[in-house]
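Accompanying notes for the structure given below.
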Amino acid sequence: RKEFVDLYLNYVFNESVRKPFEDFMRGFLRGCPARKWKMFLPAELQLVLQGHTELDWRLLEKNVTYVHYKRFDSTITFFWHVFHKLPEEKKKMFLAFLSGSDRIPVCAVEYFKFTIDDPQAENPDEHYPSASTCSLILFLPR
């Protein structure tokens, strides 16, 4: 039985996926040569590829700059009050809305900065928040 289970597991996890994995690996190494990856320890490589998965949302709040707003304007205060009550999944969805990714790059949260800007719409109640993902700007109507 042990031999059967060992052979079965080997087939499922190795043999049955060998060809697709080799194709993937060939394509991956074409764009990312292996010699470049050898300088990383496994944990470092995971961080480079995935980005930070655990985030300090209070630190993120401290890194924000404001345009046409002040830190203690009511719109900003309400925004952060609601934001910090969101579940982790929704906060990551906001990050994806803002930056195009639900993770912060490897540079670390301390250096990740974004801007909250008032688009100065004539009637702000007719506008939704929007984002410039390239510039990391959240346009938040009053």
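- Scanning both residues, L140 and P129, for their nearest heavy atoms gives CD1-CG, 3.9 Å.
- Hydrophobic clustering, with ILVMFWY side chains joined whenever heavy atoms are under 4.5 angstrom apart, keeps F78 apart from Y128.
- Counting heavy atoms from C-beta on, the side chains of D117 and Y69 never come closer than 4.5 Å.
- By the 6.0 Å contact criterion, CZ on F83 is enclosed, its count of non-hydrogen atoms from other residues, nucleotides or ligands being greater than 12.
- Inter-residue side-chain proximity for F21 and N14 is flagged as unmet; no heavy-atom pair is nearer than 4.5 Å.
- H84 and R58 make their closest contact through CD2-NH1, 3.2 Å (heavy atoms, listed as atom of the first residue, atom of the second, distance).
- Note: S130 OG to L138 CG = 7.5 Å, rounded to the nearest 0.5 Å.
- Surrounding CD of E22 are more than 12 heavy atoms belonging to other residues, nucleotides or ligands, all under 6.0 Å away.
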Legend entry - Stepwise side-chain contact (heavy atoms from CB on, under 4.5 Å) check, I76 with I116: CA-CA 9 Å; I76 299 300; I116 296 179; 3.7 Å; yes
Legend entry - Worked check of salt bridge (charged side-chain N to carboxylate O under 4.0 Å, His left out) between K92 and E89: CA-CA 5 Å; K92 288 186 176 187; E89 178 184 327; over 6 Å; no
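- When every heavy atom of V17 is checked against every heavy atom of F13, the shortest pair comes out as CG2-O, 3.5 Å.
- With hydrogens and angles disregarded, a donor-acceptor distance shorter than 3.5 Å links the side chain of S99 to the backbone of S101.
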Legend entry - Derivation and outcome, side-chain contact (heavy atoms from CB on, under 4.5 Å), residues D73 and R142: CA-CA 9 Å; D73 284 346; R142 292 189 182 267; 3.6 Å; yes
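- Atoms CG and NZ, from D56 and K62 in turn, are 7.5 Å apart once rounded to the nearest 0.5 Å.
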Inset, instruction - Given side-chain contact (heavy atoms from CB on, under 4.5 Å), test R71 with W80 step by step and report yes or no. - result: CA-CA 10 Å; R71 169 64 185 100; W80 288 114; 3.8 Å; yes
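- Applying the 6.0 Å contact sphere to OH of Y11 captures no more than 12 heavy atoms from other residues, nucleotides or ligands.
- Follow the hydrophobic side-chain contacts under 4.5 Å out from L60 and you never reach I137; the two are in separate clusters.
- Atoms NE2 and NZ, from H81 and K85 in turn, are 4.0 Å apart once rounded to the nearest 0.5 Å.
- Put simply, CG on L136 and CG on L98 are 5.5 Å apart, with the number rounded to the nearest 0.5 Å.
- Atom-to-atom distance recorded for Q120:CD and F139:CZ is 11.0 Å, nearest 0.5 angstrom.
- T115 and T65 are linked by a side-chain donor-acceptor pair at a separation below 3.5 angstrom, with hydrogens and angles left out of the test.
- Put simply, F40 and F28 are part of the same group of oily side chains (I, L, V, M, F, W, Y) that touch within less than 4.5 Å, one to the next.
- F97 and A131 make their closest contact through O-CB, 3.5 Å (heavy atoms, listed as atom of the first residue, atom of the second, distance).
- How far CG of D6 is from CZ of R1: 13.5 Å, rounded to the nearest 0.5 Å.
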Legend entry - side-chain contact (heavy atoms from CB on, under 4.5 Å) between F114 and N63, intermediate numbers included: CA-CA 7 Å; F114 73 96; N63 289 342; over 6 Å; no
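- With contacts defined as side-chain heavy-atom distances shorter than 4.5 Å, the pair W57/L59 does not qualify.
- Under a hydrophobic clustering in which Ile, Leu, Val, Met, Phe, Trp and Tyr are joined whenever their side-chain heavy atoms come within less than 4.5 Å, directly or via other members, M93 and F79 fall into different clusters.
- Closest of all the heavy-atom pairs between H127 and P141 is O-CG, 3.7 Å.
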